> 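Below you will find the structure I want to go over with you.
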Number of protein chains: 2
Amino acid sequence: MSTRIFPTAQDAENAFYEALERADLEGMMAVWSEDEEIVCVHPAGQRLAGQAQVREAWRQMFAGGPGMRVQVAQRVAVTGMMVAVHSVHESITVAGEQRARPPIVATNVYLRTPAGWRMVAHHASPAPAEPAAAATPPAPQGPKTLH
Amino acid sequence: MSTRIFPTAQDAENAFYEALERADLEGMMAVWSEDEEIVCVHPAGQRLAGQAQVREAWRQMFAGGPGMRVQVAQRVAVTGMMVAVHSVHESITVAGEQRARPPIVATNVYLRTPAGWRMVAHHASPAPAEPAAAATPPAPQGPKTLH
């Protein structure tokens with residue numbers, strides 16, 4: 001489907017969000033693993049499994065063309081030799097809308113394959129509106145130093 | 001924190017859901033990696049990162065004691081030598097409530113560590129109520145055979 005090689009998981013992630021902004025279906029699918037079972041959950045959407053379901057959902061989402069800006073922040077990464085798990089906050093702005101959409105939290109999982117790093121899972125869901133206040137547990141009860 | 005060894009990712013997953021049903025904080029934290037950055041998203045909750053935040057959220061959730069039954073279904077797994085990604089549907093029933101809670105879709109990521117398989121990410125979010133109808137894209141537009 002694609003010969004594009006991503007030397008790092010971050011390269012694959014950058015291509016994922018570029019394709020999302022460009023509404024570029026082939027660019028999007030080039031990020032995903034072709035060999036593995038793949039899993040995608042869009043905010044408040046059904047779990048999609050396998051190339052056909054994942055591609056069809058992106059096709060429908062991209063049908064109206066580009067118009068979305070995505071800012072990615074607060075990345076937390078677990079990175080190994082063969083796997084990378086990135087947790088990010090997505091701020092999405094849609095052209096023509098007065099204000100930003102509610103924040104999204106996404107878990108992106110990448111595997112190192114013979115064809116470079118590829119995405120095998122994307123799970124996105126609505127996050128509460130005020131991350132800073134609620135994300136930190138009360139310090140006195142915490143068994144370890146907060147970081 | 002724990003010397004419990006999980007020989008497979010599925011063993012770790014079984015222990016995760018057992019601890020959830022038993023409201024067993026130590027059993028729950030024994031499933032999680034101690035060495036890696038860990039990430040946990042509860043349904044409609046903030047992204048929690050690191051042992052302290054993850055543990056504190058489970059502590060609060062378990063404070064009322066056990067009373068939850070979790071049925072796990074429709075597991076899709078991506079499994080490698082060192083990593084396993086499980087996507088599951090959770091049906092949660094709470095004691096004293098007349099009907100089941102809305103369905104949850106969860107992405108669980110496990111790494112093989114020197115201390116056996118451990119969870120590094122759990123992302124759970126509400127799923128639409130009728131999976132069967134919406135999860136299957138329209139066949140005629142599908143670029144590949146549905147499975």
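Each chain gets a letter, A, B and so on, in the order its sequence line appears, and its residues count up from 1. No experiment lies behind these values; they were computed from the predicted model shown.
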> Report the option among A127(A), S33(A), G45(A), P126(A) that has the most heavy-atom pairs separated by less than 4.5 Å from atoms of chain B.
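Counting heavy-atom pairs under 4.5 Å, the top option is G45(A).
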> Between V88(B) and chain A, which part of the residue has a heavy atom less than 4.5 Å away: side chain, backbone, both or neither?
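It is the backbone, since no side chain atom gets that close.
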> Any chance you could measure T79(A), atom OG1, to E37(B), atom CD, to the nearest 0.5 Å?
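Interatomic distance, T79(A) OG1 to E37(B) CD, rounded to 0.5 Å: 10.5 Å.
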> Under a 4.5 Å heavy-atom cut-off, does chain B meet the side chain of V105(A), its backbone, both or neither?
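For V105(A), heavy atoms of backbone and side chain both lie under 4.5 Å from chain B.
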> Does V76(A) share a hydrophobic cluster with Y110(A), counting links as ILVMFWY side-chain heavy atoms below 4.5 Å and allowing steps through other members?
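V76(A) and Y110(A): separate clusters.
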> Could you check whether atom CZ of R69(A) has more than 12 heavy atoms from other residues, nucleotides or ligands sitting under 6.0 Å from it?
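Atom CZ in R69(A) is not crowded, with 12 or fewer foreign heavy atoms closer than 6.0 Å.
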> If Ile, Leu, Val, Met, Phe, Trp and Tyr residues are connected whenever their side-chain heavy atoms lie under 4.5 Å apart, and connections chain through other members, are V78(B) and M82(B) in the same group?
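No, V78(B) and M82(B) fall in different hydrophobic clusters.
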> What distance do H89(A) atom NE2 and Q46(B) atom CD have between them, rounded to the nearest 0.5 Å?
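H89(A) atom NE2 to Q46(B) atom CD measures 6.0 Å (nearest 0.5 Å).
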> List the atom of P128(A), the atom of A44(B), and the distance in Å for their closest heavy-atom pair.
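The pair with the smallest heavy-atom distance is CG-O, 3.2 Å.
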> For V39(B), is it the side chain, the backbone, both, or neither that has a heavy atom closer than 4.5 Å to a heavy atom of chain A?
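Side chain only.
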> Mark yes when over 12 heavy atoms from residues, nucleotides or ligands other than Q71(B) sit less than 6.0 Å from its CD; otherwise mark no.
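At most 12 heavy atoms, drawn from other residues, nucleotides or ligands, come within 6.0 Å of this atom.
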> Hey, could you give me the OG/CD1 distance between S87(A) and I38(B), rounded to the nearest 0.5 Å?
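If we round to the nearest 0.5 Å, S87(A):OG and I38(B):CD1 are 12.0 Å apart.
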> Side chain, backbone, both or neither: which part of A121(B) has an atom under 4.5 Å from a heavy atom of chain A?
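Just its side chain gets close to chain A.
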> Using side-chain heavy atoms (C-beta onward) and a distance below 4.5 Å, is H123(B) in contact with V41(A)?
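Of all side-chain heavy-atom pairs linking V41(A) with H123(B), none is under 4.5 Å.
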